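Structure record follows, encoded as structure tokens.
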Amino acid sequence: MTTPFSSMVLVLGASFIGSFGVVSLKDGANRLSPGLLSMLKSWRLGLGVFLFLLSSVLYLWAIKHGSLTVLYPLVSLGYVWTLFWSRLFFREPFNRSKVLGLLLILIGVVFIGLGNR
Amino acid sequence: MIESPLVIASTPAASGTEVVSTPAQRHTSLKSIGLVSLCTVIGAAAQILMKYGTTHPAGPGLIGLITNLPLIAGYALYGVNTVLLVMALRHGHLSVLYPIIALTYVWVTILSPMFFVDHLNSFKVMGVALIVVGVSLIGVGSRE
């Protein structure tokens with residue numbers, strides 16, 4: 001099955017939007033006061049969930065046409081964006097184990113995509 | 001280093017709200033790592049339930065959709081997952097905790113053959129192994 005370019009763009013967009021969703025969740029989580037109820041009042045958590053839902057709608061739309069072999073690895077680029085955002089927004093350190101670990105995860109996802117043909 | 005808008009906004013003075021936990025933890029707690037790992041098991045169960053639900057409709061049209069128990073259970077588990085993820089993110093680095101979510105691929109790949117017409121092959125086994133090693137590396141690196 002050939003994967004249309006539009007599906008690839010959609011999945012890339014979904015991974016990008018999802019990575020901002022997780023940044024919003026982290027930012028909301030950092031500001032939470034104790035107790036489960038405070039979660040419901042946080043607009044940052046609400047925004048995070050909304051961005052996650054948006055990204056999953058785009059993803060489901062994209063995978064209707066296209067091969068998971070190509071699209072799976074593109075989704076997992078979300079992990080790469082998130083690594084950059086955690087450095088940029090939360091000043092978390094880069095280190096060798098994070099970069100190498102992420103690389104192994106990406107290659108692993110490529111393999112699972114290949115295995116799903 | 002230039003401050004990003006989000007970092008500025010997350011200081012208590014700028015937001016006006018009381019910040020209880022600070023984002024600048026040195027280590028990611030084991031509890032958070034455990035919670036996110038639990039999220040991946042629940043997330044895999046949710047994905048399998050939702051796939052089962054969409055391939056086995058309870059009836060025609062909208063009624064079939066809203067009475068589809070596996071589908072509803074799948075969505076409910078995603079809700080539980082979000083709460084657990086937020087609890088985990090409070091005490092740890094995003095760059096450590098988020099990649100752990102990739103373990104979801106591992107559970108789905110291993111469990112799918114039990115519920116669907118699906119089988120493991122050498123590509124999938126290799127992929128599962130690489131993801132497990134990658135996640136472990138990030139987890140171990142965060143403890144140093």
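Predicted model, so just to flag it, every value in this text is computed and none were measured.
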Side chain to side chain contact (heavy atoms under 4.5 Å, CB included) between A:Asn30 and B:Arg90, intermediate numbers included:
CA-CA 5 Å; A:Asn30 282 343; B:Arg90 290 187 66 182; 5.8 Å; no
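Taken together through direct or relayed side-chain contacts under 4.5 Å among Ile, Leu, Val, Met, Phe, Trp and Tyr, A:Phe111 and A:Leu74 form parts of separate hydrophobic clusters. Hydrophobic clustering (side-chain heavy atoms under 4.5 Å, transitive across Ile, Leu, Val, Met, Phe, Trp, Tyr) groups A:Val11 together with A:Phe20. Under a hydrophobic clustering in which Ile, Leu, Val, Met, Phe, Trp and Tyr are joined whenever their side-chain heavy atoms come within less than 4.5 Å, directly or via other members, B:Val125 and B:Val106 fall into different clusters. Linking ILVMFWY residues whenever their side-chain heavy atoms come closer than 4.5 Å, directly or via other members, leaves A:Leu102 and B:Val133 in distinct clusters. The hydrophobic clustering, which links ILVMFWY residues whose side-chain heavy atoms are closer than 4.5 Å, places A:Val110 and A:Leu12 apart.
At a heavy-atom separation below 4.5 angstrom, chain A is approached by B:Thr109 within residues 109-120 of chain B. At a heavy-atom separation below 4.5 angstrom, chain A is approached by B:Thr82, B:Val83 within residues 74-84 of chain B. Close approach to chain A, defined as a heavy atom under 4.5 Å from one of its heavy atoms, is seen in no residue of residues 34-55 of chain B.
Rounded to the nearest 0.5 angstrom, A:Ser19 OG and B:Tyr98 OH are separated by 7.5 Å. Separation of atoms OG (B:Ser95) and CG (A:Asn95) is listed at 7.5 Å; rounding is to 0.5 Å. Rounding to the nearest 0.5 Å places CZ of A:Phe90 at 10.5 Å from NE2 of B:His93.
Checking A:Ile112, A:Ile107, A:Leu103, A:Leu106 one by one against B:Leu130, the side-chain contact (heavy atoms from CB on, under 4.5 Å) holds for a single residue, A:Ile107. Under the side-chain contact (heavy atoms from CB on, under 4.5 Å) rule, A:Ile105 has a single partner from B:Ile138, B:Leu103, B:Ile101, B:Leu137, which is B:Ile138.
The contact between A:Phe52 and chain B is made entirely by side chain atoms (from C-beta outward), counting heavy-atom distances below 4.5 Å. Of the atoms belonging to A:Leu25, heavy atoms from both backbone and side chain fall under 4.5 Å from chain B. Contacts of B:Val128 with chain A are made by both backbone and side-chain atoms, with heavy-atom separations under 4.5 Å.
The 12-atom threshold is not exceeded at CE of B:Met126, counting heavy atoms of other residues, nucleotides or ligands nearer than 6.0 Å. At most 12 non-hydrogen atoms from other residues, nucleotides or ligands lie less than 6.0 angstrom from CG of A:Leu37. Remark: A:Phe94 CZ is packed, more than 12 non-hydrogen atoms of other residues, nucleotides or ligands lying under 6.0 Å away.
Checked against side-chain contact (heavy atoms from CB on, under 4.5 Å), B:Leu69 has no partners two or more places apart in sequence or in another chain.
The side-chain heavy atoms of B:Ile131 and A:Leu104, taken from C-beta on, include no pair separated by under 4.5 Å.
When A:Val99, A:Thr82, A:Leu83 are compared by the number of non-hydrogen pairs under 4.5 Å with chain B, A:Thr82 comes out ahead. Annotation: maximal heavy-atom pairing with chain A below 4.5 Å, among B:Pro99, B:Ser122, B:Ala129, occurs at B:Pro99.
Panel note: side chain A:Lys26, backbone B:Leu89; a donor-acceptor pair is recorded below 3.5 Å.
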